[in-house]
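Remember, it's a predicted structure, so these values are computed and weren't measured experimentally.
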Amino acid sequence: MKTVSIGMIGGGFAARLHGNSFRMVGGLQLRLRGVADVNPASAKKTAEEYGYEHYTTDYRELLSDPEIDVVILCTPPYLHPDMIIEALAAEKHVICEKPLTGYFGLPEDPDPIGDTVSKRKMYRTVQGDLKRLEQAVCSSKKRFMYAENYIYSPNIQRAAEFLRAKKSTITFLRGEESVQGSPTAGAGAWKNIGGGTLLRIGCHPLAGILYLKSVEAAAKGREISIREIVADTGRIAPTLSQTDRRYLMAHPQDVEDFGTMTLTFSDGTKATVFANDNVVGGIQNYIQIYCNDATMLCKITPTDSLQTYFLDSEGLDNVYLSENLSHKTGWNRAFVSESIERGYVAQLQDFMECVAYGREPLSGFSLAKQTIEALYAAYISAEEGRRVILPEL
Ligand SMILES: NC(=O)c1ccc[n+]([C@@H]2O[C@H](COP(=O)([O-])OP(=O)(O)OC[C@H]3O[C@@H](n4cnc5c(N)ncnc54)[C@H](O)[C@@H]3O)[C@@H](O)[C@H]2O)c1
């Protein structure tokens, strides 16, 4: 059996999403070689929890380790571009968390950048990053894999199978990721994330939608690209009284906590993405697919697979029911196999096989690039109140 040796860079929340899937990968031996985190406590905790052979505070130790085949970048987004380029140069395969890149501020920018820097400047700067990254990826013998779990969610893959079989025409797609606010410290500041809720969580349904359109295009032997984008963003939480905000965790400073974007594709069909940080009742993740001859609803989380009704929460203190749910009593839709339902297991399986057998992933550079380009075009549209025709010059 082939062995793939892994180095994890960043030992926080996302490292756990990957870590929970390691033991579910089949047909390959995974060697958890090392984890690097600038915070030694996080590095140690992640190493001990998942059984990495060692931990360090210097990610370059992992890049220079000849035993490591692939690094997984679970670091804050502003570090992604340079780390990708450095890791490829060190001849490591790279798995990168979303977003691929973003605008995090330049030395001349006044604070806070989300309110002061024009989105057109951001778009152009991001385009420069994308060129740099594309060059690095294309000139490397190693693979770039984009950790977009939506693509690997079993219901998205099943819908893709039906699209291929029926050669249906998708007329409209609707996708949403909404939460009760981000638990990530600093999610309210543009300079940390590169945008607000539309980028931070809207990137998931957007990428899923772009993937499904690419499946349709391939099934028909056609090219379909994004032609136009119209978007709207806003900051809802600050308009509420402290009492009205008592259950919400969104604290937007210079970012949006609500965003929607409508794409028009080159074939004239449409898709709308919703992202909202002010939604109670648990995380919402879905894509609805309307075709000329079919309708499909991919409910990623929550599903209806297990519905629970508890009269009290006695004994449930340390039992995880589902993400973003503040109460365990009453009727709930409990997560059953989150790592599988959300696509993390199939994603890791695909990436590990790509490394072991030298093939391209389902989710690679092109999807990562299209997603971030579309998001920054959406920010221009929302700021300038106009329809953005791609490519925006
Ligand atoms: N796919 C998903 O569902 C999903 C979910 C959450 C986060 N993410 C993505 O994962 C990435 C990390 O987010 P997170 O929620 O894990 O954040 P986090 O803050 O929980 O973890 C990031 C870790 O990186 C460490 N770090 C910072 N600089 C570093 C450096 N130079 N070298 C090594 N480690 C460094 C930090 O100390 C921290 O422990 C982000 O890009 C985020 O968008 C993806």
Side-chain angles (χ1 to χ4, degrees), residues 9-10 59 63 71 73-90 92-148 186 189-196 198-200 202-203 206-207 210 225-229 231 233 254-256 259 261 263 363-384 386-393:
I9 305 183
Y59 72 94
L63 298 188
V71 289
L73 303 184
C74 288
T75 44
Y78 73 92
L79 293 171
H80 293 173
D82 287 348
M83 279 185 170
I84 293 167
I85 291 170
E86 222 181 316
L88 289 172
K92 303 297 178 205
H93 297 285
V94 175
I95 295 168
C96 180
E97 261 303 338
K98 62 84 189 170
L100 173 62
T101 182
Y103 189 88
F104 308 101
L106 292 173
E108 72 271 16
D109 291 343
D111 253 357
I113 59 169
D115 286 336
T116 58
V117 179
S118 82
K119 303 302 182 295
R120 217 169 327 168
K121 175 179 173 184
M122 292 191 182
Y123 179 88
R124 288 198 189 124
T125 309
V126 166
Q127 286 289 359
D129 258 354
L130 290 175
K131 281 205 182 84
R132 206 160 61 92
L133 283 164
E134 191 157 33
Q135 210 164 20
V137 169
C138 293
S139 61
S140 169
K141 291 193 196 85
K142 299 294 167 178
R143 253 155 251 288
F144 174 87
M145 295 159 273
Y146 179 51
E148 177 42 75
W190 194 292
K191 64 181 181 198
N192 296 327
I193 307 288
L198 193 59
L199 179 135
R200 201 188 76 249
C203 65
L206 171 62
L210 296 178
S225 55
I226 306 171
R227 195 175 67 199
E228 296 167 20
I229 295 179
T233 59
D254 60 339
V255 298
E256 78 283 359
M261 59 195 280
L263 317 175
S363 178
F365 185 76
S366 158
L367 183 69
K369 178 178 176 235
Q370 279 180 59
T371 305
I372 202 73
E373 262 176 340
L375 285 163
Y376 276 88
Y379 281 135
I380 297 179
S381 169
E383 182 172 81
E384 298 183 9
R386 69 175 168 94
R387 185 175 288 268
V388 172
I389 316 284
L390 291 183
E392 165 79 8
L393 300 171

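- Legend: residues meeting ring-ring contact (aromatic ring centres under 6.0 Å, His included) with Tyr146, ordered by chain and number and at least two apart, are absent.
- Looking at Glu392, its side chain never comes within 3.5 Å of a backbone N or O of Ala377 through a donor-acceptor pair.
- The shortest non-hydrogen separation linking Thr371 to Cys203 is CG2-O, 3.9 Å.
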Task: Stepwise side chain to side chain contact (heavy atoms under 4.5 Å, CB included) test for Leu199 and Val255 - done: CA-CA 10 Å; Leu199 179 135; Val255 298; over 6 Å; no
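- Here the side chains of Thr116 and Asp111 are not in contact, with every heavy-atom distance at 4.5 Å or above.
- From Met261, atom CE reaches atom CD1 of Ile226 across 6.5 Å, with rounding to the nearest 0.5 Å.
- When the ring-ring contact (aromatic ring centres under 6.0 Å, His included) test is applied to Tyr376, the partners found at least two apart in sequence or on another chain are Tyr379.
- For Ser225, the side chain to side chain donor-acceptor pair (under 3.5 Å) test picks out no residue, with sequence neighbours left out.
- Remark: Gln127 pairs with Tyr123, Leu130, Glu373 by the side-chain contact (heavy atoms from CB on, under 4.5 Å) rule, at least two apart or across chains.
- Partners of Tyr103 by ring-ring contact (aromatic ring centres under 6.0 Å, His included), not counting sequence neighbours: none found.
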- [ ] Show your working on side chain to side chain contact (heavy atoms under 4.5 Å, CB included) between Val137 and Val94 and close with a plain yes or no.
- [x] CA-CA 10 Å; Val137 169; Val94 175; over 6 Å; no
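- The shortest distance between side-chain heavy atoms of Leu100 and Ile84 falls below 4.5 Å.
- Ser139 contributes a side-chain N or O that, together with a main-chain N or O of Gln135, makes up a donor-acceptor pair within less than 3.5 Å.
- Evaluation of the salt bridge (charged side-chain N to carboxylate O under 4.0 Å, His left out) rule for Lys119 yields Glu383 as partners, not counting sequence neighbours.
- Remark: Ile372 CD1 to Leu133 CG distance equals 10.5 Å, nearest 0.5 Å.
- Of all non-hydrogen atoms in Pro99 and Ile193, the two that sit nearest each other are CG-O, 4.3 Å.
- Screening residues 94-110 for salt bridge (charged side-chain N to carboxylate O under 4.0 Å, His left out) gives Glu108-Lys121, Asp109-Lys121 as the qualifying pairs, with residues at least two apart or on separate chains.
- Judged as a salt bridge (charged side-chain N to carboxylate O under 4.0 Å, His left out), and not counting sequence neighbours, the contacts of Glu384 are Arg120, Arg386.
- Here the shortest heavy-atom pairing between Arg143 and His93 reads N-ND1, 3.0 Å.
- Looking at residues two or more places apart in sequence or on another chain, you find a side-chain contact (heavy atoms from CB on, under 4.5 Å) between Asp115 and Pro112, Arg235, Asp254.
- Here Gln370 contributes atom CD and Leu390 contributes atom CG; the two are 10.0 Å apart, rounded to the nearest 0.5 Å.
- The structure places CD of Glu256 at 9.0 Å from CZ of Arg200, a figure rounded to the nearest 0.5 Å.
- With rounding to the nearest 0.5 angstrom, the CG atom of Leu88 is 10.0 Å from the NZ atom of Lys142.
- Every side-chain contact (heavy atoms from CB on, under 4.5 Å) that Asp129 has, sequence neighbours left out, goes to Pro81, Thr101, Arg132.
- The two residues Ala378 and Leu198 come nearest to each other via the heavy atoms CB-CD2, 4.1 Å.
- Remark: the backbone N or O of Ala382 is not paired with any side-chain donor or acceptor of Thr233 at under 3.5 angstrom.
- With sequence neighbours left out, Leu79 forms a side-chain contact (heavy atoms from CB on, under 4.5 Å) with Thr75, Pro76, Met83.
- When all heavy atoms are compared, the tightest approach of Phe144 to Ala368 is CE2-CB, 4.3 Å.
- Going from atom CD1 of Ile389 over to atom CZ of Arg227 covers 7.5 Å, rounded to the nearest 0.5 Å.
- Heavy atoms only, all atoms of each residue included: Glu148 and Ser363 are closest at CB-OG, 3.7 Å.
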